Participant: 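Structure incoming, see below.
Model, not experiment: these values are computed from the prediction. Both backbone and side-chain heavy atoms feed into the values below; hydrogens, waters and symmetry mates do not.
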Amino acid sequence: ERWASLASSIEREKAFGTFYETIRRYVRWLYWSDFLTPALEVALAGLLERGLIDVGEVWVTARALEDGLDTLLTRSRAEAELGELLADVERLETFARALDEVHDE
């Protein structure tokens, strides 16, 4: 009964983790595809209309804007990996505490 309870608890935590990761990825995709990409296109059109860039500079300018937004709006890959590592450590600590509780009983 104790092991079943522990296994159920672990499975619940895994399900929540998967759920939150899926939601996070979907929101990031939605943000880029439905908001930022059209905003970049409008900004580029404005720059072209005002003669601030030529047609040949559109790709470079778009890339520079995207990279700038990436820098401002997202954590670096190293920070993201460290965040995932911290979450893994917290899960392992929770699991270790649960195992200690089972062994103490």
Participant: Same hydrophobic cluster for Leu86 and Tyr20, using side-chain heavy-atom links shorter than 4.5 Å among ILVMFWY?
Facilitator: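 Different clusters: Leu86 never reaches Tyr20 through Ile, Leu, Val, Met, Phe, Trp or Tyr contacts under 4.5 Å.
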
Participant: Spell out, as yes or no, whether a donor-acceptor pair under 3.5 Å connects the side chain of Ser9 to the backbone of Ser5.
Facilitator: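 No: the side chain of Ser9 does not pair with the backbone of Ser5.
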
Participant: Enter the distance from Glu21:CD to Ile23:CD1 here, rounded to the nearest 0.5 Å.
Facilitator: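 Going from CD on Glu21 over to CD1 on Ile23, the span is 10.5 Å.
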
Participant: Are the side chains of Phe19 and Thr22 in touch, meaning some heavy atoms are under 4.5 Å apart?
Facilitator: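 No. Closest side-chain heavy atoms not under 4.5 Å.
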
Participant: Are Arg97 and Glu101 ion-paired here, with the side-chain N under 4.0 Å from a carboxylate O?
Facilitator: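 No, no charged N to carboxylate O under 4.0 Å.
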
Participant: Hydrophobic clustering (ILVMFWY, side-chain heavy atoms < 4.5 Å, transitive) - are Leu92 and Ile10 grouped together?
Facilitator: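 No.
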
Participant: Would you say Val42 and Leu48 are hydrophobically clustered, going by side-chain heavy atoms of ILVMFWY under 4.5 Å?
Facilitator: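 No, it is not one cluster - the side chains of Val42 and Leu48 are not joined through contacts under 4.5 Å.
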
Participant: With no hydrogens and no angle check, is any side-chain donor or acceptor of Thr94 less than 3.5 Å from a backbone partner on Glu90?
Facilitator: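 A pair under 3.5 Å: yes.
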
Participant: So do the side chains of Thr61 and Leu52 get within less than 4.5 Å of each other, counting heavy atoms only?
Facilitator: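 The answer is no, as the side chains (C-beta and beyond) never meet within the 4.5 Å cut-off.
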
Participant: Do Val60 and Ile53 make a side-chain contact, defined as non-hydrogen atoms from C-beta onward lying under 4.5 Å apart?
Facilitator: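 Val60 does not reach Ile53 side chain to side chain.
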
Participant: Is any side-chain heavy atom of Leu99 closer than 4.5 Å to one of Leu6?
Facilitator: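 Touching, per the 4.5 Å side-chain cut-off.
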
Participant: Going only through I, L, V, M, F, W and Y residues with side-chain contacts under 4.5 Å, is there a path from Leu40 to Val55?
Facilitator: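 Yes, one cluster joins them.
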
